[in-house]
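This report concerns only the one structure given below.
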Amino acid sequence: MNVKPVIIEKYSEDWPLRFSELKKILKEHLGDLALSIEHVGSTSVPGLAAKPIIDLDIVIDSMELLPQVIKSLNHLGYIHEGNLGVENREAFARADDKVPYTRESNQKAEHRLYVCSKESDVLFNHITFRDILRKQPELSEAYAILKKELAEKYKHHREDYTRGKTEFVIKVINEYKQ
């Protein structure tokens, strides 16, 4: 299997713009099915070094709406991957680099798309962690240092890289959540 190496880049002002472009397409297509579309992950924190991949959480009222959401996202070129072992969060892959499809049929920013119910613990953690890092620059800097060290150590082992970040993320969420 050809696994892309873990590469951490310095923050880019393009990331929020890329998110906004994706959000606009998704919102237009999903309409009222989406309560909100959240920019989560490291690219959502100004100044934070990150893998240049936009993470989006589409928030829905209930998982009962999931079949409709899957159908709508399928029309845009997304492939439902299931919950990948995470309750109340469904993952979607892209059929190609033009997803989500538009009339222009142009290449879109690399991104990961998830659909979460509004009660999802994962959604809560994504938003909580993002908001803490936005308000705490020293934590954001510590996280950037950790990610760079892990990316160097686990350049070709994404699962180990992700596992290495988990302890930091959980500690921050537990210390700062209200």
Side-chain angles (χ1 to χ4, degrees), residues 2-27 34-59 81 83-94 97 99-100 107-178:
N2 186 10
V3 177
K4 287 175 60 176
V6 177
I7 297 172
I8 302 298
E9 296 181 3
K10 69 179 197 167
Y11 181 78
S12 171
E13 297 291 338
D14 285 343
W15 293 340
L17 300 174
R18 290 180 191 164
F19 165 75
S20 292
E21 291 166 4
L22 295 167
K23 178 180 177 179
K24 182 177 187 243
I25 296 165
L26 292 166
K27 188 64 179 161
L35 295 176
S36 67
I37 300 173
E38 299 288 338
H39 187 186
V40 295
S42 295
T43 61
S44 70
V45 179
L48 180 58
K51 294 190 305 291
I53 302 168
I54 309 297
D55 290 325
L56 301 100
D57 283 352
I58 296 173
V59 183
E81 297 182 303
N83 71 9
L84 305 179
V86 180
E87 192 176 334
N88 288 320
R89 187 212 70 186
E90 299 289 316
F92 290 80
R94 300 167 66 202
D97 66 0
V99 172
Q107 185 175 343
K108 307 299 186 309
E110 188 173 352
H111 61 283
R112 289 187 298 233
L113 182 70
Y114 302 101
V115 173
C116 306
S117 75
K118 65 183 180 185
E119 287 93 20
S120 169
D121 289 339
V122 171
L123 172 67
F124 173 81
N125 289 341
H126 284 172
I127 291 172
T128 300
F129 189 65
R130 174 197 70 194
D131 292 349
I132 291 167
L133 292 186
R134 285 178 174 175
K135 294 174 188 168
Q136 303 282 337
E138 68 284 353
L139 281 176
S140 182
E141 182 59 29
Y143 189 47
I145 291 167
L146 173 65
K147 289 179 356 149
K148 288 173 187 171
E149 290 171 355
L150 291 168
E152 197 171 301
K153 185 174 182 179
Y154 301 116
K155 187 176 194 88
H156 298 285
H157 303 278
R158 281 184 179 257
E159 287 182 13
D160 292 331
Y161 165 81
T162 300
R163 230 185 326 274
K165 298 184 309 180
T166 301
E167 184 179 337
F168 181 93
V169 172
I170 291 169
K171 181 179 177 210
V172 167
I173 290 170
N174 288 337
E175 281 183 24
Y176 288 89
K177 71 181 173 186
Q178 296 159 9

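Computed from a prediction, not measured in an experiment: that's the story for all the values here.
Although no hydrogens or angles enter the test, the distance criterion places no donor-acceptor pair under 3.5 Å between the side chain of S36 and the main chain of E38. Using modelled atom types, one side-chain atom of S20 and one backbone atom of P16 make a donor-acceptor pair closer than 3.5 Å.
Rounded to the nearest 0.5 angstrom, K10 NZ and K148 NZ are separated by 10.0 Å. Note: H157 NE2 to L150 CG = 13.0 Å, rounded to the nearest 0.5 Å. The CZ atom of R134 lies 15.0 Å from the CG atom of L139; values are rounded to the nearest 0.5 Å. For the atom pair L84 CG and E81 CD, the distance stands at 5.5 Å (nearest 0.5 Å). Between atom NZ of residue K135 and atom CD of residue E138 there is a gap of 13.0 Å, rounded to the nearest 0.5 Å. L26 contributes atom CG, which lies 5.0 Å from atom CD1 of I37 (distance to the nearest 0.5 angstrom).
Side chains of P100 and H111 form a contact here, defined as non-hydrogen atoms less than 4.5 Å apart. Looking only at side-chain heavy atoms (C-beta outward), I173 and I170 stay at 4.5 Å or farther from each other. Within the 4.5 Å cutoff, no side-chain heavy atoms of E152 are placed close to those of I8.
For F92 and Y114, the gap between ring centers reaches or exceeds 6.0 Å. Aromatic ring centres of F124 and F129 lie farther apart than the 6.0 Å criterion allows. Between W15 and F19, the distance separating the two ring centers is not shorter than 6.0 angstrom.
A salt bridge links K4 to E110: one of the charged nitrogens lies within less than 4.0 Å of a carboxylate oxygen.
Among residues at least two apart or in separate chains, side-chain hydrogen bond (donor to acceptor under 3.5 Å, both in side chains) pairs with a member in residues 159-172 are D160-R163.
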Please table the atom pairs, donor to acceptor, closer than 3.5 Å between any side-chain atom in residues 40-50 and protein atoms at least two apart or in another chain.
residue, atom, partner, partner atom, Å
S42, OG, K147, NZ, 2.7
T43, OG1, H39, NE2, 2.8
S44, OG, G41, O, 2.6

Under 3.5 Å, side-chain donor or acceptor atoms of residues 51-59 against the rest of the protein: list the pairs with distances, not counting sequence neighbours.
residue, atom, partner, partner atom, Å
D55, OD1, R112, NE, 2.8
D55, OD1, R112, NH2, 2.9
D55, OD2, R112, NH2, 3.0
D57, OD2, H126, ND1, 2.6

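Smallest separation of non-hydrogen atoms from V122 and R89: CG1-CD, 3.9 Å. Taking every heavy atom of both residues into account, L123 and C116 meet most closely at CB-CB, 4.0 Å.
Atom CD of E119 has more than 12 neighbouring heavy atoms from other residues, nucleotides or ligands inside a 6.0 Å radius. With a 6.0 Å radius and a threshold of 12 heavy atoms from other residues, nucleotides or ligands, E87 has its CD atom at or below the threshold. Applying the 6.0 Å contact sphere to NZ of K23 captures no more than 12 heavy atoms from other residues, nucleotides or ligands.
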Using the rule given for side-chain contact (heavy atoms from CB on, under 4.5 Å), can you reason through Y143 versus L133, listing the C-alpha separation, both sets of side-chain angles and the distance that settles it, and then say yes or no? CA-CA 9 Å; Y143 189 47; L133 292 186; 3.7 Å; yes
Under the side-chain contact (heavy atoms from CB on, under 4.5 Å) rule, what do E175 and V172 come out as? Steps first, then yes or no, please. CA-CA 5 Å; E175 281 183 24; V172 167; 5.9 Å; no
Checking side-chain contact (heavy atoms from CB on, under 4.5 Å) for the pair K108/V99: CA distance, chi angles, key distance, verdict? CA-CA 6 Å; K108 307 299 186 309; V99 172; 6.0 Å; no
